[in-house]
Every structure is written in C-alpha cells, then in structure tokens.
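Here's the structure we're looking at; comments come further down.
Each chain gets a letter, A, B and so on, in the order the sequences are listed, and its residues count up from 1.
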There are 4 protein chains.
Amino acid sequence: MRTTKRHSRQEQLLLVSGKVFAKKGYHATSISDICKKANIARGTLYLYFDNKRDIFDTLIKQYISDMLSAITKFHSDQPLKPQFNKNVRAFIEVIIKNKDLTRIVASEAVGLDSEFDNQLIHFYATLVNYIEGALLLLKKSEEIPKTINAQLLAYSIIGLLKEVSYQWALDHGNLVELDPLLQNIRQFKLDGFMQFSGE
Amino acid sequence: MRTTKRHSRQEQLLLVSGKVFAKKGYHATSISDICKKANIARGTLYLYFDNKRDIFDTLIKQYISDMLSAITKFHSDQPLKPQFNKNVRAFIEVIIKNKDLTRIVASEAVGLDSEFDNQLIHFYATLVNYIEGALLLLKKSEEIPKTINAQLLAYSIIGLLKEVSYQWALDHGNLVELDPLLQNIRQFKLDGFMQFSGE
Amino acid sequence: MRTTKRHSRQEQLLLVSGKVFAKKGYHATSISDICKKANIARGTLYLYFDNKRDIFDTLIKQYISDMLSAITKFHSDQPLKPQFNKNVRAFIEVIIKNKDLTRIVASEAVGLDSEFDNQLIHFYATLVNYIEGALLLLKKSEEIPKTINAQLLAYSIIGLLKEVSYQWALDHGNLVELDPLLQNIRQFKLDGFMQFSGE
Amino acid sequence: MRTTKRHSRQEQLLLVSGKVFAKKGYHATSISDICKKANIARGTLYLYFDNKRDIFDTLIKQYISDMLSAITKFHSDQPLKPQFNKNVRAFIEVIIKNKDLTRIVASEAVGLDSEFDNQLIHFYATLVNYIEGALLLLKKSEEIPKTINAQLLAYSIIGLLKEVSYQWALDHGNLVELDPLLQNIRQFKLDGFMQFSGE
DNA sequence: TATGAATGAGAATTCATTCAT
DNA sequence: CATGAATGAATTCTCATTCAT
C-alpha cells in the first residue's frame with residue numbers, strides 16, 4: 001500500500017501546485033510557495049517530483065488527457081448536432097472543473113521550452129481538428145454553406161467557448177449550472193447580428 | 001533632433017522587447033535576451049527604461065491605448081450595424097497589427113501585480129461594456145431576442161474575434177486582407193448551427 | 001537546539017561582517033567579501049540576514065545597546081566622581097571590546113540614510129546628555145567653574161575618550177589593562193597645560 | 001591663459017566634489033552626482049581628472065597640505081605655550097574652514113586602498129608627532145609630570161580638538177568665533193575633574 | 001573643449017536543487 | 001520518508017569610463 005500512499009501524496013501536491021501556479025503563473029511560483037501551502041519542507045517535494053518543471057508537466061498532461069478523454073470524435077454515420085452538443089458540454093465542463101489549470105494552459109503556453117509548446121500546440125490542433133472535421137461533414141451534408149472556412153469557424157467556436165467559459169467560471173465560481181450557459185450560447189444569432197448593412 | 005533620436009531608439013527597443021516578451025513571456029524573458037536581440041549592451045537598455053517592468057508597462061499601455069483609440073462608443077441615434085461593423089474591423093486591425101502584444105495581453109494578463117492587473121481588467125471591462133451597450137440597444141429595438149444575456153454574448157464576440165484574429169495572423173503574417181476574414185466571420189450561422197437536435 | 005545553532009551561526013557571521021565592514025567600510029564591503037571570509041556561499045548569508053543593510057543595522061544596534069547598557073545615568077544624590085569613574089571605565093571597555101564596531105560607528109555614522117543616521121545621532125545625543133547632566137551637577141556644587149560650557153566639555157570628554165581608547169586598542173590589541181590607561185588619562189593636567197601664556 | 005582657465009575650472013570642480021563627497025561619502029557619491037551639481041556633462045569631468053579616485057585624492061592632498069602648512073613644528077628655544085596656542089588655533093581653523101573635507105578625512109580613511117590609507121596614517125602620525133614632541137619638551141622642563149604618557153596625551157588632545165571642532169562647526173556653521181571656543185577649551189579642568197575618589 | 005550615448009564589469013539578491021542528518 | 005541548511009548559477013540593475021560627434 002506504500003505506493004497508494006505515495007500516490008495520494010502526489011495527488012495532493014499536484015492539487016496544491018495547480019492552485020499556486022494558476023494564481024501566480026509558472027515563473028512567479030517558487031518551490032517554497034508550493035511547499036508552504038502544502039505544509040511540507042522543500043526537500044520533501046523532490047521525493048515526489050524530479051523538479052519544478054516536472055510538476056508543471058504532470059499538471060498539463062493531466063489536463064490535456066482530461067480534455068481529450070472528455071470529448072469524442074465525430075462519427076459521420078450518426079446525427080452530428082447531438083454529438084456536437086455533447087462535446088461542447090464536455091469541453092465546458094472540463095474547463096470549469098479545472099479552472100486553475102485552464103488559466104495555466106491558456107496563459108503559460110509559452111516560453112518554457114519547445115517540448116512543452118509542442119504539447120500544447122498539438123493539443124490545440126487536435127481540438128481544432130475535431131471541430132473542423134465535424135464542420136466539414138456539415139458542409140458535405142449542406143447543413144452549413146460551402147463558402148464557410150471550416151478552420152476559421154473552428155477557431156471561432158473554440159475562442160468563443162474558451163472566453164465564455166472562463167468568464168462564466170470567474171463570475172460564478174465552480175458551482176455553475178451549465179444549462180443556462182449553454183442555452184444562452186445557442187441563442188446567439190451571431191450571424192444574423194453580423195449581417196451588416198448592405199448585406 | 002536629440003529628442004527624436006532618443007524616441008526612435010525607444011521605439012526600436014519596444015519593438016524588440018515586444019517580440020521577445022511575446023515569444024517567451026514576461027518572466028522567462030531576461031534583460032539579456034532583449035539586449036542580445038537588439039544588439040545593445042545591457043546597460044544601454046537602462047538609458048531608455050527604468051527597469052524590466054517599465055518596458056512591459058509601456059508596451060501594455062501602448063497596446064491598450066491603441067485599441068481604445070481605434071474603437072468608438074456606440075451612438076444610439078445612428079444605425080448600429082455599421083458602427084458595429086466598423087468597430088469589429090478596427091478591433092481586428094489592432095490585434096493583427098500588434099500580434100506580439102496581443103499574445104502578451106492575452107497571456108500575461110494576470111499575476112504580475114495588482115496595479116498591472118487592474119489596467120488590463122479595466123481595459124477588458126471597457127471593451128465588454130462597449131459591446132454590451134450596443135447589444136442592449138439592439139435588444140431594445142428588438143433586433144436581437146430579449147432572452148439573450150448581453151454580457152455573455154459580449155464575451156462570446158470578444159473571444160471569437162480574439163481567437164480568430166490571432167490564429168489568422170499566425171497563419172497569414174501581418175499582411176492580412178481583412179475583408180475575406182470579415183466575410184467569413186459574418187457568414188457563421190453559429191446560432192443555426194448550434195440549435196441542436198430537438199430544439 | 002535548532003535555534004541555538006542558528007543563533008550561533010548568526011553571531012559568527014556578525015563577527016566576520018563587523019571585521020570586514022570595519023576594515024573596508026560599508027560600501028566598499030561586498031557580500032562576496034564577507035562570504036569569502038566566513039567560508040560560506042553567497043546565498044547562505046541570506047538565510048541569516050535579509051540583506052547587506054540588515055547585517056550592518058544589526059551590528060550597529062548591538063553596539064549601541066552594548067554601550068547604553070554599560071553606562072549608567074548619574075544620580076545627584078550620590079557622589080559624582082565614582083559614578084563618572086565607573087562610566088568612563090565602562091565606556092572604554094565597550095570601545096575596546098568592540099574595536100571593529102567602533103571603527104564603523106565612528107566612520108560610517110552618516111550618509112547611509114536618515115533612518116540609520118537617526119539611530120547614531122540619538123545615541124550620540126544620549127551620551128552627551130549623560131555627561132552634560134553630570135557636569136551641570138558639578139557646576140551646581142561648584143566643583144567646576146560656572147563659566148564652563150558643559151556641552152562643549154561633554155564633547156571634549158567623549159572625543160578624548162574615543163580617540164584614546166581607539167588608539168590604545170590599536171596598539172595593544174584586545175587584552176588591555178585598563179588601569180594604566182585610566183591612570184594616564186586622569187593625570188592629564190589638560191587645563192593647566194592649556195592655560196596659556198598670559199592667563 | 002588657457003592654463004588659468006583650466007585651473008580655475010578644476011578648482012570649481014574640486015569645491016563641488018568636496019561638498020558632495022562630504023555629504024554622501026566617497027562610494028555613495030556618483031560621478032553623475034558631481035556633474036549634476038557642477039552643471040557639466042559626465043564626459044567633461046574626465047577632461048579635468050583621470051577618474052573618480054583622482055578627484056578624491058586631490059581633495060585629500062589639498063586638505064593635508066593645508067593642515068600641515070597651517071601648523072608649525074615646536075621650537076624648544078622658544079616658549080612652548082604660545083606655540084601650542086597658535087597651533088591649536090590653526091588646527092581648529094583648518095578644520096572649520098574645511099568642514100566638508102574634515103568629514104571625509106575623518107570618515108573615509110578606509111577601504112579605498114593601502115596607498116590612500118598610508119597617506120592618512122602618515123598625516124595623522126605627523127600630527128601626533130608634533131604634539132608629542134612638544135609634550136616631551138614640557139616634560140623635560142618639568143612643566144608636566146614625568147609619569148604622563150606623552151603619546152596618549154597627544155591622542156587625547158587631537159581627539160578632543162577634533163570632536164569639539166567638528167561639533168562646534170556642525171552647530172554654528174562656518175561663521176565661528178574662535179575665541180570663545182578656545183577659552184572654553186582652556187578652562188576645562190579635566191584633570192581636576194578626573195582626579196577621582198581617593199586621589 | 002564639451003557632450004552624452006554606449007559600454008560592460010561588478011554588485012546584490014533569488015531560488016531551484018542537493019544532501020547530511 | 002522528511003527535513004531544512006547550504007549551495008551557486010542566474011538575474012536585475014548601477015555606474016565609472018570611453019569615444020564619436
């Protein structure tokens with residue numbers, strides 16, 4: 001059971017680290033900060049992680065894996081909209097459940113090193129791909145106009161969801177009723193709104 | 001002429017600093033990094049800026065001021081859609097013109113200290129307010145449904161524009177033809193798309 | 001025991017710092033200088049003191065407190081001369097025991113900043129006050145002429161004692177027999193000597 | 001006449017430098033400080049002095065030379081007390097006239113380098129020698145008791161004069177009437193005062 | 001002569017990481 | 001396992017000095 005104990009200790013430290021990283025950012029967070037919050041000595045942390053970077057990596061990997069396992073690839077042989085609906089909900093749920101990490105992923109995607117950058121770029125590309133794939137299917141079935149740039153729309157959707165989820169989470173804390181949020185998003189007649197003069 | 005020379009030097013250093021900050025983030029960027037890129041000695045930087053923080057602040061202030069002077073408040077006694085159109089264009093233009101800074105503003109928004117946070121929070125609130133105000137007017141004139149949460153829609157629009165502009169800029173460099181981008185955005189029948197099964 | 005160990009380490013560092021400061025002065029002493037003498041790494045010093053200034057302050061406070069607790073206020077209801085005798089001895093003892101610090105107090109009294117200046121100025125004023133008070137009592141009992149400027153005489157005595165003690169300590173090291181020194185001082189028929197021609 | 005102009009410029013810069021050095025100390029005084037006070041560019045200073053140290057050296061040499069030319073060696077074939085009287089007055093006059101430099105000489109006698117230290121030590125030794133010499137003559141002529149330690153008494157006198165002059169100058173500024181000061185000093189019946197209990 | 005922009009050595013301080021206890 | 005003292009590389013910032021104009 002030693003392993004279990006060790007494992008749960010690690011989990012606890014990850015939790016604390018995530019909070020501190022989210023609050024102060026990667027660089028401004030010192031090992032001491034984490035240890036103080038976790039009530040352990042500085043040396044102890046190194047029994048559970050190789051180094052500062054290792055903690056951060058573990059957190060990010062966890063987040064990416066959470067997200068990727070929450071959303072599911074679109075299947076062309078099933079109705080698309082329910083799939084899309086489900087994925088949006090899953091996406092937002094992960095964002096909100098991991099508010100701290102979302103902050104980090106969104107803001108510290110930079111400057112650590114290329115290996116880390118690549119992880120996030122790859123993650124982002126995967127997300128975009130999922131959505132783009134769905135949009136292409138919709139184009140094929142003529143549910144959306146052929147003239148639309150699927151990739152750009154994919155970015156739009158991600159940007160929209162990211163911002164809204166993030167702001168919603170900021171305002172409402174963790175106890176969010178997802179449904180009103182989703183209903184509101186669905187109501188946005190953005191295109192209509194943006195069909196400006198002369199169109 | 002002296003002032004001009006000094007000023008242009010400062011501009012050059014800001015340009016370089018912006019690039020480096022954008023690439024590596026505030027904390028991971030060392031003064032040496034900037035100086036190397038700018039081909040100057042470390043001491044020279046301090047002839048033009050008080051300290052590292054001062055460089056960053058100047059950049060952010062510049063960006064915020066650029067943005068705020070680019071967009072204009074909505075006037076209820078004039079047709080809203082052209083105004084909105086114009087602002088979206090301006091917003092995107094600034095984002096694309098200042099790709100580097102956008103990265104910074106988007107990612108280092110928090111965690112330096114409260115004085116700095118406040119600047120960005122205030123900036124963001126101003127943006128949201130502009131859009132929200134316009135949306136409320138649209139609600140009143142029943143151009144959009146009353147059930148919509150104007151603030152949330154404002155966030156959506158900003159999130160969408162931010163992400164799309166940023167990604168577009170990444171792919172297409174600085175020389176962006178805005179019109180195809182705008183046309184694409186306008187075409188997004190997001191609401192239709194998101195009126196999922198059963199609705 | 002932990003506290004004791006930490007404390008004794010601090011004491012050791014103060015001792016070394018005092019010597020180095022005394023030899024080179026505050027500004028010319030670098031943290032590296034102190035660490036080299038103390039055989040520790042530069043970082044280690046910061047485990048015991050906040051910064052260079054903190055080390056210096058601690059030294060000065062120690063010195064002032066040593067001195068102030070060594071000398072005692074004059075009581076008018078007791079014979080003055082033994083009191084004076086005792087205080088002179090105590091004063092000289094502290095000077096000689098803290099030769100290094102005396103150097104610092106004497107030479108870096110001014111110019112660090114006002115907070116620091118104030119400490120020393122206040123200390124000095126206290127010393128002068130003690131002596132001046134005693135002299136005023138002596139005036140009242142007509143043991144010294146009424147025409148004497150008590151403050152100036154106080155300065156004289158302090159200057160004399162300071163210089164003599166300091167030089168004596170320089171020549172004789174720490175192991176000083178105070179009595180011959182005091183006897184010598186007492187013999188100085190300064191006034192007689194200085195009652196120049198014509199008086 | 002070029003030389004004259006150059007020379008007077010140097011003089012002016014020395015004056016300014018002396019003030020600044022005296023106020024802030026050698027190390028805390030920056031070349032910029034001096035230049036600002038002198039209303040010249042930083043580069044200009046180096047037309048008149050080799051470096052910062054050179055300015056300081058020049059000042060100290062000036063002071064020492066002033067002092068040494070003010071006081072005169074004692075001559076055994078003339079009455080000693082008038083000579084002593086004259087020298088004390090000269091000594092105090094120089095101290096008061098060069099209050100700024102006195103501060104420096106008294107407090108920055110340290111840490112620059114051994115060459116500088118040696119200068120001051122030699123100067124001090126010279127002073128002590130003068131006085132000691134006079135005292136030895138007085139001993140021989142039995143004007144002071146043979147048991148007195150002439151060197152120690154010399155230190156006493158210097159310490160006393162230094163302190164009193166310095167304090168007096170601090171309180172009264174430059175416009176000092178020397179005579180009341182001297183009268184007071186002469187009145188000090190220090191020895192009588194210090195003939196403690198039992199003597 | 002005079003200027004002041006540029007330099008770069010050097011100083012203080014921080015902090016991730018190690019290791020003896 | 002846990003501790004926390006010690007380390008020293010790296011970072012920011014200062015300032016005497018140089019040199020092209």
Side-chain angles (χ1 to χ4, degrees), chain A residues 2 5-6 9 26-36 38-56, chain B residues 1-3 5-6 9-10 13 27-35 38-55, chain C residues 1-2 5-6 9-10 13 26-36 38-56, chain D residues 2 5-6 9 26-36 38-56:
Chain A
R2 190 160 300 141
K5 212 163 141 196
R6 175 178 172 81
R9 186 73 138 142
Y26 178 78
H27 287 97
T29 297
S30 74
I31 292 291
S32 286
D33 288 335
I34 296 174
C35 293
K36 241 171 265 158
N39 266 325
I40 57 169
R42 271 208 308 280
T44 308
L45 201 73
Y46 288 84
L47 300 174
Y48 296 93
F49 299 95
D50 289 348
N51 50 43
K52 186 180 175 182
R53 179 57 197 280
D54 183 30
I55 309 174
F56 196 69
Chain B
M1 292 303 107
R2 189 156 305 141
T3 352
K5 209 162 144 194
R6 177 176 173 79
R9 188 73 143 135
Q10 253 194 2
L13 293 179
H27 285 100
T29 298
S30 77
I31 292 291
S32 287
D33 289 335
I34 296 175
C35 293
N39 267 324
I40 56 168
R42 272 204 309 284
T44 308
L45 200 72
Y46 289 88
L47 298 176
Y48 297 92
F49 299 95
D50 289 345
N51 48 42
K52 186 179 170 184
R53 184 54 194 279
D54 183 29
I55 308 173
Chain C
M1 292 304 105
R2 190 155 302 139
K5 211 161 142 195
R6 178 177 173 79
R9 187 72 144 138
Q10 255 194 3
L13 293 179
Y26 178 80
H27 285 101
T29 297
S30 76
I31 293 292
S32 287
D33 289 336
I34 296 175
C35 293
K36 240 170 267 162
N39 265 323
I40 55 168
R42 272 205 309 285
T44 307
L45 201 72
Y46 289 88
L47 298 176
Y48 297 93
F49 299 95
D50 289 345
N51 47 45
K52 186 179 169 181
R53 181 57 192 279
D54 183 28
I55 307 173
F56 196 71
Chain D
R2 189 158 302 141
K5 213 164 145 195
R6 177 178 171 80
R9 187 73 139 139
Y26 178 79
H27 288 98
T29 296
S30 74
I31 293 289
S32 286
D33 288 335
I34 297 174
C35 292
K36 240 171 265 158
N39 267 326
I40 57 168
R42 269 209 305 284
T44 308
L45 200 72
Y46 287 84
L47 300 174
Y48 296 93
F49 299 94
D50 289 346
N51 49 41
K52 186 179 174 184
R53 177 57 197 279
D54 182 30
I55 307 173
F56 196 69

Among the nucleotides dT7(F), dA6(F), dA2(E), whichever has the atom closest to the side chain of T44(D) is dA2(E)
- Hey, does the side chain of R9(D) come within less than 4.0 Å of dA2(E)'s phosphate (OP1/OP2), counting only N and O? yes
Here the pair of heavy atoms bringing H27(B) nearest to H27(A) is CB-CB, 3.1 Å
Taking for N39(A) and for T29(B) the nucleotide of DNA chain F with the nearest heavy atom, the one nearer the 5' end belongs to N39(A)
L13(B) CG to dA6(E) P, in whole Å, measures 9 Å
> For dA11(E), does either OP1 or OP2 sit under 4.0 Å from a side-chain N or O belonging to S30(C)?
Replying inline: no
Shortest non-hydrogen pair, C35(B) vs R42(B), comes out as SG-CA, 3.5 Å
Heavy-atom nearest pair, Y48(B) first then Q10(B), reads O-NE2, 3.0 Å
The reported gap from CD1 in I34(B) to CD1 in I55(B) (rounded to nearest 0.5 angstrom) is 4.5 Å
Under 4.0 Å: is that the gap between some side-chain N or O of Y48(A) and OP1 or OP2 of dA2(F)?
yes
>> Whether the side chain of R42(B) and the base of dG10(E) hold a donor-acceptor pair under 3.5 Å is what I'd like checked.
In response: yes
Checking dA5(F), dT13(E), dT17(E) against the side chain of N51(C) (C-beta onward), the nearest is dT13(E)
T29(A) and K52(A) have their tightest heavy-atom pair at O-NZ, 2.7 Å
Separation of dA16(E) atom P from L47(C) atom CG, nearest Å, is 14 Å
Using Watson-Crick geometry (N1-N3 plus N6-O4 or O6-N4) or G-U wobble (N1-O2, O6-N3), each under 3.5 Å, dG10(E) is paired with dC13(F)
Taken to the nearest whole Å, CZ/F56(D) to P/dA16(F) is 14 Å
Atom CD1 of I34(B) and atom C1' of dC13(F) are separated, to the nearest Å, by 13 Å
Closest of dT13(E), dA6(E), dA2(E) to the K52(C) side chain is dT13(E)
Correct closest heavy-atom pair for L47(B) and R6(B) would be O-NH2, 3.0 Å
To the nearest angstrom, the CG-P distance between D54(A) and dA16(E) comes to 14 Å
query: Which part of the nucleic acid does I31(B) contact within heavy-atom distance under 4.0 Å: base, sugar-phosphate only, or nothing?
result: sugar-phosphate
To the nearest angstrom, the NE2-C1' distance between H27(B) and dT14(E) comes to 12 Å
Pairing partner of dA6(F), by Watson-Crick or G-U wobble and under 3.5 Å for both distances, is dT17(E)
Against the side chain of Y46(A), the closest entry in dA2(E), dA12(E), dT17(E) is dT17(E)
Taken to the nearest whole Å, CG/L45(D) to C1'/dA16(F) is 11 Å
Against the side chain of I40(D), the closest entry in dT3(E), dT3(F), dC13(F) is dT3(E)
Between CG of D33(C) and P of dT13(E) the distance, given in whole Å, is 14 Å
